[in-house]
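In what follows, residues are counted from 1 in the order of the sequence shown.
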Amino acid sequence: MAGNVKIVIVGCGIAGIAAAHRLLKHGFHNVRILEATERSGGRIKTGKLGDIVIEIGANWIHGPSEENPVFCLARQYGLLDPKALTLENQSIDVGGHPQGPPNFFSSSGRKLSAEDVFSAQELFYELMTECSEFQGQKGEPCASVGDFLRREAKERAAKRWKDVDPATKSLRLCVISNMLKVECSINGAHSMDEVGLGTFGLYKTLPGLDCTFPGGYEGLIKNLMSELPDGLVSYSRPVRCVHWNDAEKAKNLVTVECEDGERIIADHVIVTVPLGYLKKHHSTLFHPPLPLHKLHSIQRIGFGTNNKIFVEFDSLWWDPDCEIIHLVWEDEDAVVDQIPDLQRSWIKKLVGFTVLKPTERYGHVLCGWIAGHEAEFMETLSEHEVRREMTQLIRRFTGNPTITPRRILRSQWFHDPWTCGSYSHLATGCSEQDLDNMMEPLPTRRSNAQPLQVLFAGEATHSCYFSTVHGALLTGWREADRLISHYSSLQPSELSKS
Ligand code: 6YU
């Protein structure tokens with residue numbers, strides 16, 4: 001029976017691949033994936049800087065431990081370093097905060113001491129923990145994480161550091177601005193003012209010290225793809241419109257119309273396109289249009305940009321054990337995460353760098369992080385301009401006028417036509433209901449038409465692991481399971497009709 005059911009999956013990122021895997025395993029052989037680009041993986045994208053393997057998209061397995069299906073698969077395929085497999089690594093819980101020994105440089109060319117930054121970091125992490133605790137309790141004090149952090153940081157700084165000299169106090173608040181910008185990168189948001197406070201605690205972290213794939217994240221995709229039959233994916237085949245049936249007693253078939261004019265009839269379609277793409281193209285991607293409550297949730301949930309700028313040097317200018325470099329602007333003691341003069345000063349949004357480790361494998365390569373509209377503007381500049389700005393920035397913060405990057409490479413997720421940004425976050429005004437609406441199949445329960453015509457997977461449809469690879473993978477399995485249990489619950493008489 002399952003073999004006769006025709007299922008089309010739109011998008012060959014990890015969610016689409018996971019859905020296909022699970023369906024095939026359960027006897028659904030008539031499965032096809034339509035992918036807009038010429039490759040699998042979507043936002044899992046490994047590239048090269050010279051001979052060095054770099055990640056243009058997803059970087060880490062967040063929370064690599066038994067509960068994380070990406071960790072389990074990577075371990076099964078032998079893709080991880082031995083350290084990541086140790087029980088010790090799996091049990092470390094850092095609650096999603098950046099990890100590893102940091103260096104802090106300031107805009108006057110000074111390297112800040114641990115003492116300078118410790119009090120600021122302590123206050124910031126205290127506030128971040130509090131932000132997660134409003135979830136499920138009515139009456140959070142502000143609408144956004146940014147409002148709360150800014151207000152509380154200033155108030156507590158005034159009380160706690162009242163005996164500290166003004167220059168030190170000001171510097172500490174500048175460090176907090178840097179950490180606020182790091183949060184923008186982590187959340188993929190333009191400003192933390194756009195991230196909802198009441199729902200912030202909905203995102204869940206898993207234990208385990210984040211780890212990378214030494215051979216590249218795409219190794220996971222290659223291994224999964226090698227287990228799918230040849231020809232299952234049609235590449236360079238963008239879907240233009242999914243025609244479904246909202247009318248009562250309408251026949252149970254969906255038509256998928258491709259850009260090249262091909263029309264494919266299916267019993268079910270699983271849509272895994274990114275939320276950024278849905279926001280931009282929902283009105284043409286579905287016919288009839290999406291029900292209003294679903295559309296409003298697509299509009300309410302946030303989808304921002306987080307970009308990387310890789311920079312290679314001949315030698316290191318950071319401490320050998322350093323894993324994260326923070327750049328602190330000394331004129332930002334107002335606790336800010338947005339740059340007023342975006343076109344001239346976009347580089348101020350670059351929070352700093354993660355150091356690619358180990359040095360024997362990566363040489364002296366840093367990965368710079370920049371989020372928001374400043375990151376989107378950066379994408380419009382030539383590589384030459386970005387390189388020039390990066391060089392000036394590093395010279396200023398190190399006080400060394402001779403440092404020159406050997407080469408750079410940046411990501412451009414906002415202008416990627418099939419992604420339109422990086423990943424989702426719960427914006428102000430969102431509720432848990434929006435996530436439920438995102439994953440609700442069409443027609444929705446409010447309709448009497450044939451059920452499960454169009455199903456939705458992808459990172460932005462996971463209730464607590466949105467924005468991650470493991471979240472996306474789990475949504476692919478979830479939607480496959482929805483179909484598997486639908487067919488296993490049908491009576492024989494219903495099966496012959498369907
Ligand atoms: C994670 C991480 N990570 C960084 C960056 C990005 C993301 N994520 P897909 O988009 O993959 O697939 C959809 C497909 O649909 C795609 O192939 C399209 O081409 C196709 N499509 C679209 N339209 C179509 C149409 N019309 N027809 C047919 N096909 C169509 N996740 O776990 N770890 O480290 C990161 C990161 C830059 C962009 C990430 C990370 C998110 C994941 O990549 C993402 O959730 C999943 O891959 C999505 O899979 P999917 O299948 O849902 O969609 C100082 C200093 C300090 C430094 N601090 C730095 C802090 C930075 C913190 N950042 C963390 C996140 C990172 C790095």
Side-chain angles (χ1 to χ4, degrees), residues 1-13 15-24 27-40 42 225 228-291 294-295 298 416-420 440-444 447-458 461 476 479-480 482-483 486-487 495-498:
M1 168 57 221
N4 298 330
V5 178
K6 180 152 189 194
I7 301 170
V8 168
I9 298 171
V10 183
C12 195
I17 296 169
H21 241 260
R22 177 130 325 175
L23 286 166
L24 287 159
F28 289 80
H29 294 301
N30 204 342
V31 175
R32 182 169 172 194
I33 302 183
L34 303 175
E35 166 56 43
T37 68
E38 64 293 342
R39 55 177 284 277
S40 313
M225 290 304 295
L228 295 177
D230 285 345
L232 183 102
V233 187
S234 301
Y235 293 102
S236 305
R237 191 66 59 95
V239 167
R240 181 192 292 155
C241 185
V242 176
H243 299 266
W244 56 291
N245 300 290
D246 199 19
E248 204 167 335
K249 296 196 189 117
K251 60 184 169 56
N252 183 25
L253 291 178
V254 192
T255 304
V256 180
E257 182 190 342
C258 298
E259 289 283 353
D260 63 6
E262 191 190 359
R263 293 172 81 88
I264 302 157
I265 308 244
D267 294 291
H268 308 279
V269 177
I270 304 179
V271 174
T272 76
V273 302
L275 175 60
Y277 184 88
L278 271 184
K279 280 178 184 284
K280 205 167 169 181
H281 299 286
H282 64 83
S283 63
T284 47
L285 191 60
F286 299 98
H287 185 82
L290 294 173
K294 199 170 175 78
L295 173 60
I298 288 172
D416 180 318
W418 310 110
T419 312
C420 314
E440 188 182 14
L442 296 176
T444 61
S447 159
N448 288 322
Q450 285 290 344
L452 304 187
Q453 294 175 34
V454 187
L455 302 95
F456 292 84
T461 73
E479 294 311 313
R482 203 191 287 277
L483 288 173
H486 172 72
Y487 282 97
L495 280 173
S496 56
K497 273 189 257 157
S498 59

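Among residues two or more places apart in sequence or in another chain, the salt bridge (Lys or Arg N to Asp or Glu O under 4.0 Å) test is passed with D230 by none. Here R22 pairs with D481 under the salt bridge (Lys or Arg N to Asp or Glu O under 4.0 Å) rule; sequence neighbours left out. Here S40 pairs with C12, I17, I221, M225, Y235 under the side-chain contact (heavy atoms from CB on, under 4.5 Å) rule; sequence neighbours left out. Checked against salt bridge (Lys or Arg N to Asp or Glu O under 4.0 Å), E257 has the following partners two or more places apart in sequence or in another chain: R240, R263. Partners of H282 according to the ring-ring contact (aromatic ring centres under 6.0 Å, His included) rule, which considers only residues two or more places apart in sequence or in another chain, do not exist here.
Considering only heavy atoms from C-beta on, I9 stays 4.5 Å or farther from E479 through its side chain. R32 places a side-chain heavy atom less than 4.5 Å from the side chain of R237. Two residues are said to be in side-chain contact when any heavy atoms from C-beta on lie closer than 4.5 Å; L483 and V5 fail this criterion. When side chains are defined from C-beta on, H21 counts as touching L228, because their heavy atoms get closer than 4.5 Å. The side-chain heavy atoms of L442 and P291, taken from C-beta on, include a pair separated by under 4.5 Å.
Heavy-atom minimum distance, L34 versus C258: CD1-SG, 4.0 Å. For the residue pair T255 and I265, the shortest heavy atom distance occurs at OG1-CD1, 4.1 Å. In terms of heavy atoms, F28 sits closest to L24 at O-CD2, 3.3 Å. When every heavy atom of L23 is checked against every heavy atom of A480, the shortest pair comes out as CG-CB, 3.8 Å. Of all non-hydrogen atoms in L232 and V31, the two that sit nearest each other are CD1-O, 3.1 Å. W244 and P288 make their closest contact through NE1-O, 2.7 Å (heavy atoms, listed as atom of the first residue, atom of the second, distance).
The OG atom of S234 sits 9.0 Å away from the CG atom of D260 when rounded to the nearest 0.5 Å. Distance CD/Q450 to NE2/H268: 9.0 Å, rounded to 0.5 Å. Between atom CZ of residue R482 and atom CD1 of residue I270 there is a gap of 10.0 Å, rounded to the nearest 0.5 Å.
With hydrogens and angles ignored, the 3.5 Å screen pairs no side-chain donor or acceptor of E35 with any backbone N or O of V233. In this structure, the side chain of N245 engages the main chain of L253 through a donor-acceptor pair within 3.5 Å.
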**Request:** Let me see the working for N30 and N4 under side chain to side chain contact (heavy atoms under 4.5 Å, CB included), right down to the final yes or no.
**Result:** CA-CA 7 Å; N30 204 342; N4 298 330; over 6 Å; no

**Asked** After noting the C-alpha distance and the side-chain angles of L285 and V273, does the key distance pass the side chain to side chain contact (heavy atoms under 4.5 Å, CB included) rule?
**Response** CA-CA 10 Å; L285 191 60; V273 302; 4.2 Å; yes

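The stretch residues 275-291 participates, sequence neighbours left out, in no salt bridge (Lys or Arg N to Asp or Glu O under 4.0 Å) pair at all.
A tilted orientation is assigned to the rings of F286 and F456, their planes being inclined by 30° to 60°.
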